[in-house]
A.B. asks: 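Just passing along the structure, written as structure tokens.
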Amino acid sequence: MHDEPEVAVLRLGHRPGRDERMTTHVGLTARALGADRVWIPDNAGQSLETVRDITDRFGGPFTAELTDSPKGIIRDWEGRVVHLTMYGERVQDVEAEVKRAHGDDDEPILIVVGAEKVSFDVYEEADWNVGVTNQPHSEVAGLAVFLDRLFEGRELEREWDDADQRVIPMETGKRVEPADEE
Ligand code: SAM
């Protein structure tokens with residue numbers, strides 16, 4: 001988020017057909033909940049298009065890119081790596097340490113989420129393997145909870161630049177206006 005060290009999300013693995021919506025939702029959730037960028041596997045081009053289209057319409061800044069070398073992104077990351085996994089340490093036990101690295105030590109954070117079985121080298125490469133509960137669920141849910149814990153709710157207040165349209169919050173009904181109208 002603005003004025004904070006970068007937070008990036010890496011989607012590791014994508015099974016064409018089966019994972020289309022999940023990969024798209026990893027990107028949309030990363031954007032909506034305060035991450036600065038997402039890397040998506042290069043066999044998920046449609047997900048990339050959707051995330052970029054939403055960013056064009058509803059604003060940024062947010063960077064979405066394809067990668068043909070997700071493991072290379074992890075290896076080359078100049079900061080700390082959080083791998084979200086049901087087998088990891090409990091988020092409530094490690095969040096303070098991650099926030100210290102990000103907030104006090106100005107370390108960029110790379111958050112890795114899987115699709116299918118994640119190979120063991122990722123567990124070894126990560127600075128933290130983090131479970132959002134130790135129950136099996138979804139990369140989208142895990143990412144959402146982790147980002148909200150990392151940003152302590154600041155992401156809910158964020159402003160969006162260069163949006164074409166914005167939603168006016170309403171008790172009932174749907175209202176969307178051109179972004180430059182008051
Ligand atoms: N069974 C696979 C494995 O052994 O690695 C994981 C498949 S799961 C459907 C896909 C991704 O969701 C995981 O790689 C992980 O990033 C995320 N995930 C699922 N449950 C999680 C949990 N309890 N905490 C954090 N992340 C979780």
Side-chain angles (χ1 to χ4, degrees), residues 1 5-48 50-51 54 62-103 107-156:
M1 281 199 297
E6 183 171 43
V7 173
V9 173
L10 173 65
R11 166 55 153 176
L12 199 60
H14 172 84
R15 295 161 293 185
R18 181 170 171 172
D19 284 336
E20 302 304 335
R21 277 166 58 82
M22 269 300 188
T23 298
T24 302
H25 287 186
V26 165
L28 295 180
T29 300
R31 171 187 169 276
L33 297 186
D36 300 290
R37 67 157 68 195
V38 67
W39 277 288
I40 287 172
D42 63 356
N43 60 348
Q46 186 52 54
S47 294
L48 178 81
T50 303
V51 175
I54 293 292
F62 184 74
T63 304
E65 289 171 311
L66 296 180
T67 176
D68 62 0
S69 175
K71 299 268 178 84
I73 303 265
I74 299 175
R75 253 192 328 271
D76 297 343
W77 182 252
E78 292 179 359
R80 304 296 207 95
V81 176
V82 172
H83 168 223
L84 295 181
T85 165
M86 63 180 278
Y87 305 106
E89 295 181 274
R90 305 185 321 158
V91 64
Q92 60 270 45
D93 294 338
V94 294
E95 65 178 307
E97 214 180 309
V98 181
K99 280 190 280 202
R100 236 177 352 258
H102 183 243
E107 295 263 22
I109 304 285
L110 177 66
I111 305 168
V112 181
V113 298
E116 47 198 334
K117 193 171 164 56
V118 173
S119 60
F120 201 66
D121 51 320
V122 175
Y123 290 75
E124 290 178 323
E125 199 96 32
D127 293 287
W128 298 278
N129 292 290
V130 179
V132 176
T133 77
N134 294 108
Q135 304 298 317
H137 54 83
S138 137
E139 48 274 45
V140 175
L143 179 61
V145 170
F146 184 79
L147 286 170
D148 187 59
R149 290 274 172 145
L150 176 64
F151 294 128
E152 300 179 316
R154 293 192 301 285
E155 80 284 3
L156 303 178

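Every number for a ligand or one of its atoms is a count from 1 in the order of the listing. Values reported hereafter were calculated over all heavy atoms of this structure, with side chains retained and with hydrogens, waters and symmetry mates removed.
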A.B. asks: Could you tell me the residue and atom name of the protein heavy atom closest to atom 4 (O) of ligand 1, and the distance to it rounded to 0.1 Å?
C.D. replies: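 Protein heavy atom with the smallest distance to atom 4 (O) of ligand 1: Tyr87 CE1, 3.6 Å.
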A.B. asks: Answer yes or no: is there a donor N or O on one side and an acceptor on the other, between the side chain of Asn43 and the main chain of Pro16, under 3.5 Å?
C.D. replies: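 No; judged by distance alone, with no hydrogens or angles, the pair does not exist.
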A.B. asks: Looking only at protein heavy atoms, identify the closest one to atom 10 (C) of ligand 1 and say how far it is in Å.
C.D. replies: Glu139 OE1, 3.3 Å
A.B. asks: Distance-only, no hydrogens or angles: does the Asp36 side chain make a donor-acceptor pair with backbone N or O of Val7 under 3.5 Å?
C.D. replies: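 Yes; judged by distance alone, with no hydrogens or angles, the pair exists.
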A.B. asks: Between Asn134 (side chain only) and Gly88 (backbone N and O only), is there a donor and an acceptor less than 3.5 Å apart?
C.D. replies: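 Checked: pair present.
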A.B. asks: Quick one: nearest non-hydrogen protein atom to atom 16 (O) of ligand 1, plus distance?
C.D. replies: Leu84 O, 2.6 Å
A.B. asks: Measure the spacing between CZ of Arg154 and CG of Asp148 and express it to the nearest 0.5 Å.
C.D. replies: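 Going from the CZ atom of Arg154 to the CG atom of Asp148 covers 10.0 Å.
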A.B. asks: Counting distance only, does the side-chain N/O of Arg11 pair as donor-acceptor with the main-chain N or O of Gly114 below 3.5 Å?
C.D. replies: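 Here the side-chain-to-backbone pair exists.
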A.B. asks: Do Phe146 and Val91 pass the side-chain contact (heavy atoms from CB on, under 4.5 Å) test, and can you show the C-alpha distance, the side-chain angles, and the key distance before you say yes or no?
C.D. replies: CA-CA 7 Å; Phe146 184 79; Val91 64; 3.9 Å; yes
A.B. asks: Report yes if some N/O of Gly114 lies less than 3.5 Å from some N/O of ligand 1; otherwise report no.
C.D. replies: yes
A.B. asks: Is it the case that more than 12 heavy atoms not belonging to Arg18 sit under 6.0 Å from its CZ atom?
C.D. replies: no
A.B. asks: Take atom CZ in Arg15; do more than 12 heavy atoms of anything else shown fall under 6.0 Å from it?
C.D. replies: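 More than 12 heavy atoms, drawn from other residues, nucleotides or ligands, come within 6.0 Å of this atom.
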A.B. asks: Find all atoms of ligand 1 within a distance of less than 4.0 Å from any non-hydrogen atom belonging to Val130, and give their numbers and elements.
C.D. replies: 25 (C)
A.B. asks: In the protein, what heavy atom is nearest to atom 3 (C) of ligand 1, and what distance, to one decimal place, separates them?
C.D. replies: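 Protein heavy atom with the smallest distance to atom 3 (C) of ligand 1: Lys117 CA, 3.8 Å.
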A.B. asks: Under 4.0 angstrom from atom 1 (N) of ligand 1, is there any protein heavy atom?
C.D. replies: no
A.B. asks: Taking non-hydrogen atoms only, is Gln135 closer than 4.0 angstrom to ligand 1 via side chain, backbone, both or neither?
C.D. replies: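 It is the backbone that touches ligand 1; the side chain stays farther off.
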A.B. asks: Looking only at protein heavy atoms, identify the closest one to atom 5 (O) of ligand 1 and say how far it is in Å.
C.D. replies: Val118 N, 3.3 Å
A.B. asks: Within ligand 1, which atoms have a heavy atom of Ala115 less than 4.0 Å away?
C.D. replies: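 This gives 7 (C), 9 (C), 10 (C) as the contact atoms.
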A.B. asks: Which of these, Arg90, Arg149, Arg100, sits in a salt bridge (Lys or Arg N to Asp or Glu O under 4.0 Å) with Glu95?
C.D. replies: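 For Glu95, the salt bridge (Lys or Arg N to Asp or Glu O under 4.0 Å) check succeeds only for Arg149.
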A.B. asks: Just to confirm my output: which protein heavy-atom neighbour is closest to atom 27 (C) of ligand 1, and how far is it?
C.D. replies: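 Sorting protein heavy atoms by distance from atom 27 (C) of ligand 1 puts Met86 N, 4.0 Å first.
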A.B. asks: Identify the protein heavy atom lying closest to atom 6 (C) of ligand 1, giving its residue, its atom name and the separation to 0.1 Å.
C.D. replies: Glu116 O, 4.0 Å
A.B. asks: For a ring pair (Phe, Tyr, Trp, His ring centres under 6.0 Å) with His83, tell me which candidate from Trp77, Phe120, Trp128, Tyr123 qualifies.
C.D. replies: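 Running ring pair (Phe, Tyr, Trp, His ring centres under 6.0 Å) over Trp77, Phe120, Trp128, Tyr123 with His83 returns exactly one hit, Tyr123.
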A.B. asks: For the 3.5 Å polar cut-off, considering only N or O atoms, please tell me whether Val132 and ligand 1 meet it.
C.D. replies: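 Val132 vs ligand 1: N/O contact under 3.5 Å present.
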A.B. asks: Counting both backbone and side chain atoms, is some N or O of Ser138 under 3.5 Å from an N or O of ligand 1?
C.D. replies: no
A.B. asks: Looking at Glu78, I want to see if its CD is surrounded by more than 12 non-hydrogen atoms of other residues, nucleotides or ligands under 6.0 Å.
C.D. replies: no
A.B. asks: Any atoms of ligand 1 less than 4.0 Å from a non-hydrogen atom of Val113? List them with their elements.
C.D. replies: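 Ligand 1 atoms under the 4.0 Å threshold to Val113: 16 (O).
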A.B. asks: Given that the side chain starts at C-beta and the backbone is N, CA, C, O, which of these parts of Leu12 lies under 4.0 Å from ligand 1, counting heavy atoms, or is it both or neither?
C.D. replies: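 Neither part.
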A.B. asks: Decide whether an N or O pair under 3.5 Å exists between Thr133 and ligand 1.
C.D. replies: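 In this structure, Thr133 places an N or O atom under 3.5 Å from an N or O of ligand 1.
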A.B. asks: Less than 4.0 angstrom from a charged side-chain N to a carboxylate O is my criterion; do Glu125 and Lys71 meet it?
C.D. replies: no
A.B. asks: Counting from 1, what ligand 1 atoms have a heavy atom of Gly131 closer than 4.0 Å?
C.D. replies: 24 (N)
A.B. asks: Ignoring angles and geometry beyond distance, decide whether His137 reaches within less than 3.5 Å of ligand 1 through its nitrogen or oxygen atoms.
C.D. replies: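 Yes, at least one N or O pair falls under 3.5 Å.
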A.B. asks: Just let me know how Asn134 lines up against ligand 1, side chain, backbone, both or neither, with a heavy-atom cut-off below 4.0 Å.
C.D. replies: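 No part of Asn134 is near ligand 1 at this cut-off.
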